[in-house]
There are 2 protein chains.
Amino acid sequence: MQSVSVIQETALPWPSLPHVYDPRLAPRHRRDMPSPIAARAAHKCIIRAFKKDQQIFGEGIVAEFSAQVVTGAVRMSKLLGDGRRQIDAFHLAGGFFGIESGPEHRFSAEATVNTTVRVYRFGDLDSIAADGQFAGKAVFAALVQSLECAQDHALLLGKKSAREKVSTFVLDLAERLASDKTIDLPMSRMDIADYLGLTIETVSRTLTQLQRDGIIDLPCRRRAIVLRNKSALRRLANGDVDFTLSGTG
Amino acid sequence: MQSVSVIQETALPWPSLPHVYDPRLAPRHRRDMPSPIAARAAHKCIIRAFKKDQQIFGEGIVAEFSAQVVTGAVRMSKLLGDGRRQIDAFHLAGGFFGIESGPEHRFSAEATVNTTVRVYRFGDLDSIAADGQFAGKAVFAALVQSLECAQDHALLLGKKSAREKVSTFVLDLAERLASDKTIDLPMSRMDIADYLGLTIETVSRTLTQLQRDGIIDLPCRRRAIVLRNKSALRRLANGDVDFTLSGTG
DNA sequence: CGATGGTTTGAGTGTTTTCAAAGAACGTGG
DNA sequence: CCACGTTCTTTGAAAACACTCAAACCATCG
């Protein structure tokens with residue numbers, strides 16, 4: 001009903017993952033070393049497609065699977081009692097998500113656009129951790145990266161202004177998508193707002209203002225942003241100086 | 001406190017830490033605070049004392065050591081370009097901190113009160129991950145806990161009001177300190193503010209308001225909070241309903 | 001006991017939110 | 001391929017919340 005297509009996959013090496021696999025972490029094992037997880041999971045590994053806004057798994061659901069984004073993007077979100085939503089992270093192509101320590105998922109995962117993911121079935125984390133070889137390290141690396149990401153996110157949410165938040169977001173997305181000039185946003189303003197701890201109106205206003213200041217450009221196509229002044233963006237993102245008041249005034 | 005003698009140091013360049021083994025110090029673990037890592041690293045483990053506001057290690061410093069709080073509390077903080085500070089976490093007795101994936105510490109660690117820590121010398125994360133036994137799992141667990149903590153923190157910073165933030169903080173601290181009624185705060189208002197993404201004035205005002213509403217009590221002793229209405233606090237913390245307007249009005 | 005620094009309180013300001021409505025892109029169906 | 005409706009986005013005005021600046025307060029320590 002909801003699954004659009006299910007395809008059997010051949011083995012695909014974990015190590016080719018841009019996002020999870022930091023060569024700095026395990027460079028020695030990188031070359032030609034088969035991944036135990038991939039090997040083990042190969043025969044149960046499938047690709048699934050999810051439509052825009054379709055849920056991949058919900059908060060509180062038993063964590064039987066983890067997954068890797070093939071195309072598209074996935075948002076990890078959490079809800080407050082009254083429905084307020086905080087998006088913890090966006091996973092882009094190559095990104096892993098759904099790896100949990102406890103028995104259930106602590107986030108809900110949804111596709112922000114039409115998305116395909118590769119699904120893995122995982123045993124408990126203990127056994128992964130106990131695997132001193134490739135699997136343990138890969139999961140370890142994924143975990144550490146999530147942690148760093150979450151911590152940077154906390155800095156952003158706690159201490160940055162709307163202008164700085166949006167700048168940070170745009171810059172980060174540009175890097176992760178390897179976009180030199182034009183970024184194709186794989187999410188709505190609402191998603192961005194819930195990620196940055198702002199409202200859609202503020203996100204929109206801030207983008208407009210950055211455009212007025214010549215830092216970015218907003219083409220007709222709403223889901224795109226063109227970078228005009230990357231260094232200014234970087235300064236803003238890092239809170240380097242008082243860069244809040246700019247140009248035109 | 002503990003029968004073992006504690007080494008007090010003033011200036012402390014981490015790199016010059018003496019890797020001595022004092023049988024009186026290291027192997028004796030507090031019964032209520034089992035430390036698997038210590039068991040393994042016993043021969044490299046020492047106890048060190050830090051005074052209030054003393055730095056344990058700085059952001060960007062080579063990560064040669066990690067540590068576990070024995071008594072007191074440690075704040076992990078990050079700075080923005082212009083000096084704004086975000087505290088990522090407080091580590092209380094038993095908490096591990098300083099475990100990194102990369103070559104250097106991504107946070108500065110400082111004692112918020114007079115504090116003693118057990119210091120470990122760690123090899124790179126690879127070797128820890130490769131250890132399928134005790135150490136690997138313990139570090140793994142610590143990492144996962146940090147991650148969950150950071151993610152909850154992001155929800156707090158991004159979506160909660162001052163009232164909700166403070167309530168969450170008080171409740172969390174009460175649980176972590178196993179305080180039934182009276183909480184002895186191991187940090188200043190400034191620390192709390194930088195942790196919650198607020199200013200000290202707002203933290204103070206919010207606490208006062210919670211007191212007026214009969215939810216907490218603020219004794220003369222400024223570093224203490226008495227819980228009066230724990231369930232109200234819990235409702236506030238979880239954003240359960242519109243609980244913002246309360247009592248007296 | 002007085003000095004000190006952290007904390008509380010007050011008044012005014014500013015940024016972000018809220019509420020409301022117009023505008024524009026996108027998808028659907030003809 | 002165009003027209004239409006729907007949805008998302010943008011813009012505006014007013015309000016709310018937290019912040020800034022400033023001063024008083026009072027625990028704590030010497």
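Remember, it's a predicted structure, so these values are computed and weren't measured experimentally. Keep in mind that the numbers below use all heavy atoms, side chains included, and drop hydrogens, waters and symmetry copies. Every chain is numbered from 1 and lettered A, B, ... according to where its sequence line falls, protein lines coming before strand lines.
Every residue was checked against the salt bridge (Lys or Arg N to Asp or Glu O under 4.0 Å) condition with B:Arg205, not counting sequence neighbours, and none meets it. Listed by chain and number, the residues in a ring-ring contact (aromatic ring centres under 6.0 Å, His included) with B:Phe107 amount to none (sequence neighbours excluded). Partners of B:Ser108 by side-chain hydrogen bond (donor to acceptor under 3.5 Å, both in side chains), not counting sequence neighbours, listed by chain and number: B:Glu110. By the salt bridge (Lys or Arg N to Asp or Glu O under 4.0 Å) test, A:Asp194 is found to be paired with A:Arg85, B:Lys159, residues two or more places apart in sequence or in another chain being considered. Evaluation of the side-chain hydrogen bond (donor to acceptor under 3.5 Å, both in side chains) rule for A:Ser179 yields no partner, not counting sequence neighbours. Annotation: salt bridge (Lys or Arg N to Asp or Glu O under 4.0 Å) contacts of A:Arg106 (sequence neighbours excluded): A:Glu100, B:Glu148.
Contact between the side-chain N/O atoms of A:Thr199 and the OP1/OP2 oxygens of C:dT16 is not found at any separation under 4.0 Å.
Taking atom CE of residue A:Met187 and atom C1' of nucleotide D:dC8, one finds them 16 Å apart after rounding to whole Å. Rounded to whole Å, atom C1' of C:dT15 lies 11 Å from atom NZ of A:Lys165. Separating the CG atom of A:Leu196 from the C1' atom of C:dT17 is a distance of 15 Å, rounded to the nearest angstrom. Rounded to whole Å, the distance from CG on A:Leu157 to P on D:dA18 is 16 Å. Across the protein-nucleic acid pair, A:Leu185 atom CG and D:dC8 atom P stand 15 Å apart, rounded to whole Å. Atom CD1 of A:Ile225 and atom P of D:dT9 are 11 Å apart (whole Å). In this entry the distance linking NZ of B:Lys52 with C1' of D:dC29 reads 11 Å, nearest Å. Distance CD (A:Gln209) to C1' (C:dT16): 12 Å, rounded to an integer number of Å.
Residue order along DNA chain C, read from the 5' end via each residue's closest nucleotide, puts B:Met190 first among A:Ala162 and B:Met190. Between A:Pro219 and A:Lys160, the one whose closest nucleotide on DNA chain C sits nearer the 5' end is A:Lys160.
Taking only side-chain atoms of B:Leu198, from C-beta outward, the nucleotide of C:dT16, C:dT7, D:dA18 with the closest atom is D:dA18.
In the helix from C:dC1-D:dG30 to C:dG30-D:dC1, the rotation axis of the first five pairs and that of the last five pairs differ in direction by 50°, rounded to 10 degrees.
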Please tabulate, one pair per line, each protein N/O and nucleotide N/O from nucleotides 10-12 of chain D that are separated by under 3.5 Å, including the distance.
{"unit_1": "D:dT10", "atom_1": "OP1", "unit_2": "A:Arg189", "atom_2": "NH2", "d": "3.0"}
{"unit_1": "D:dT10", "atom_1": "OP2", "unit_2": "A:Arg189", "atom_2": "NE", "d": "2.7"}
{"unit_1": "D:dT10", "atom_1": "OP2", "unit_2": "A:Ser204", "atom_2": "OG", "d": "2.9"}
{"unit_1": "D:dT10", "atom_1": "O5'", "unit_2": "A:Ser204", "atom_2": "OG", "d": "2.9"}
{"unit_1": "D:dT11", "atom_1": "OP2", "unit_2": "A:Thr208", "atom_2": "OG1", "d": "2.7"}
{"unit_1": "D:dG12", "atom_1": "N7", "unit_2": "A:Arg205", "atom_2": "NH1", "d": "2.9"}
{"unit_1": "D:dG12", "atom_1": "O6", "unit_2": "A:Arg205", "atom_2": "NH2", "d": "3.3"}

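For the residue pair B:Asp184 and B:Thr182, no side-chain donor N or O sits within less than 3.5 Å of a side-chain acceptor on the partner.
Annotation: ring pair (Phe, Tyr, Trp, His ring centres under 6.0 Å) contacts involving residues 161-207 of chain A, sequence neighbours excluded, comprise A:Phe90-A:Tyr195, A:His153-A:Tyr195, A:Phe169-A:Tyr195.
Here the OG1-NZ distance, from B:Thr112 to B:Lys52, works out to 9.0 Å after rounding to the nearest 0.5 Å.
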